[in-house]
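As the structure is a prediction and not an experimental result, all values here were calculated from the model. Quick note on labels: first sequence line is chain A, next is B, and so on, each numbered from 1.
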2 protein chains.
Amino acid sequence: MARLPEYLRALHNLAESGHETVSSEGLSAAAGVNSAKLRKDLSHLGSYGTRGVGYDVALLIEQIEFVLGLTQRRAVALVGVGNLGHALAGYDGFASRGFRIAALLDADPSRVGEEINGLVVRHVDDLPTVAAEESLAIGVIATPAAAAQQVADQLVAVGVTSILNFAPCVLSVPEGVDVRKVDLAIELQILSFHEHRKASLTALPATGGSALTALPGGFATTDTQEAIGT
Amino acid sequence: MARLPEYLRALHNLAESGHETVSSEGLSAAAGVNSAKLRKDLSHLGSYGTRGVGYDVALLIEQIEFVLGLTQRRAVALVGVGNLGHALAGYDGFASRGFRIAALLDADPSRVGEEINGLVVRHVDDLPTVAAEESLAIGVIATPAAAAQQVADQLVAVGVTSILNFAPCVLSVPEGVDVRKVDLAIELQILSFHEHRKASLTALPATGGSALTALPGGFATTDTQEAIGT
DNA sequence: CCGTGTGAATGCATTCACAGCG
DNA sequence: CGCTGTGAATGCATTCACACGG
């Protein structure tokens, strides 16, 4: 599940706080989910908790890291060192959570040679060479949308089978290649939708809403956390 | 739905390519979804397509932008101008898709006064002043995790009801406040999981898999696009 | 007695298949 | 004749409630 990494982060926090054990209630609160959901997720791992006590934090961390394949530190190639690429190259969260940025690449010759965070930017056409040196597991695309598809093709060509795409476009990839997309503007637009909905609701407190101006109320928006604690 | 922004982006692309009309088949391909899903989504909008022809691109753009509340350009406050914050401050995608960065804020006094992309960084304690000047719709948190909750509280205090959180932590907010979270490391970990799964599958081609080393195969990972076209 | 693990129930999203309109 | 809009069917995630183990 996509929630395992969230549990993992919460568990690391708990471990640092000195907790050796945690209940489903406690962990679910720290991860921002329902406790029943957490128990079901963990049961899918075949994981062992102790009834009457809870889960062993260290053991659970080990289990989840194994399932996520984090026992080995995976090499990441980052393509596109513009605005966003720069930030990603300097982002500590990658290194601290099991990943190693193995190469920075860009198509712009004027950017090649620049040093960022101890790594020298290479030309994207060097990708085959880079792949030969390192065992690349994941490619991150932080280029403009117009270049993204070509970069994806190049990544696939050198054997990368997992891509994180920050460019606002859909990528075509062969079967067996996984693509995850992060579009910052889309996140804002989803929030905008909620703002709009909230605004129209408070504007028409008593009215049932005319058919013309009525907004569809029952929209499901994945992943939105609303009203946790106070 | 969370897919509407994706449709919107695809529609804008189509409009620029000179298309005046598009079939559900065509649009769904451009947005990377099933055509039946797209039709159902659009029918929830009460939107009008023409049978035998398709959807009017311009009209559909208008409809979706209305539902998403993009008819007004919303003001965004960005808190935390570190690595990621810098990148976000310079990201064109915000401006070009209906948002305006109204203020840059940081808790670090040494960062206050710095000018980024035509905006001067102000201290986060000035938030009430900023909120008085501008009608803030959305707050973006790009601070370290340790500071995120406090920033969220400050945003909520000045009336912000939508938050985009880049810090790797769960935020507690009162009811009525929407939070969306983007955790870049989590995205990589999900890809890592897929890598791990793929690796174990190809490593044990014939075996059914022993009970001990078996990986749970049937995990659902939201939002992953796999194998679109070739 | 507390808390895990899990069957059962519920609700929702996705998909299929096709009726009906332009 | 093509394509939309939609009932029906399917499958999955979430939630509830509780039996059972430490």
In Å, rounded to the nearest 0.5 Å, how long is the span from OG1 of A:T143 to CZ of A:F166? 11.5 Å
Tell me which nucleotide among C:dG5, D:dG22, D:dT15 gets nearest to the side chain of A:Y55. C:dG5
Give me the distances for all protein-to-nucleotides 18-20 of chain D N/O pairs that come in under 3.5 Å?
residue, atom, partner, partner atom, Å
D:dC20, O2, A:R51, NH1, 3.0

Non-neighbouring partners of B:R97 that pass salt bridge (Lys or Arg N to Asp or Glu O under 4.0 Å), sequence neighbours left out: A:D183
Between D:dT6 (C1') and B:D41 (CG): distance, integer Å: 13 Å
Measure CD/A:E25 against P/C:dC2 and give the value in whole Å, please. 13 Å
From A:L4 CG over to A:Q63 CD, what is the distance, rounded to the nearest 0.5 angstrom? 11.0 Å
Test item: side-chain donor near acceptor, A:S162 and B:E195, under 3.5 Å: yes
Base C:dT14 to side chain B:K40, donor-acceptor N/O within 3.5 Å cut-off: no
Rounded to whole angstroms, how far apart are CG on B:L38 and P on C:dC16? 15 Å
For the pair made of CG in A:L42 and C1' in D:dA13, what is the distance, rounded to whole Å? 16 Å
Hey, which of these two, A:R3 or B:A36, hits DNA chain D nearer its 5' end, going by closest nucleotide? B:A36
Checking all strands, does A:S47 fall into the base, sugar-phosphate, or nothing category for heavy-atom contacts under 4.0 angstrom? sugar-phosphate
Straight-line distance of B:L105 CG to B:I141 CD1, nearest 0.5 Å: 11.0 Å
Rounding to an integer number of Å, can you tell me how far A:Y48 OH sits from C:dG5 C1'? 13 Å
dist B:N13:CG -> B:L27:CG (nearest 0.5 Å) comes out at 10.5 Å
Quick one: A:L45 CG to C:dG5 P, roughly how many Å, whole number? 10 Å
Presence of B:S24 side-chain N/O under 4.0 Å of D:dC3 phosphate oxygens OP1/OP2: no
B:D56 CG to C:dG22 P, in whole Å, measures 16 Å
When you measure only distances, ignoring hydrogens and angles, does the side chain of A:K37 come within 3.5 Å of the base of D:dT15 through a donor and an acceptor? no
Distance in angstrom units between A:L27 CG and C:dG5 C1', rounded: 15 Å
Compare the minimum distances between each of D:dT15, D:dG5, D:dG22 and the side chain of A:N34, then state the nucleotide with the smallest one. D:dT15
Return the CG to OH distance between B:L11 and B:Y7, rounded to the nearest 0.5 Å. 10.0 Å
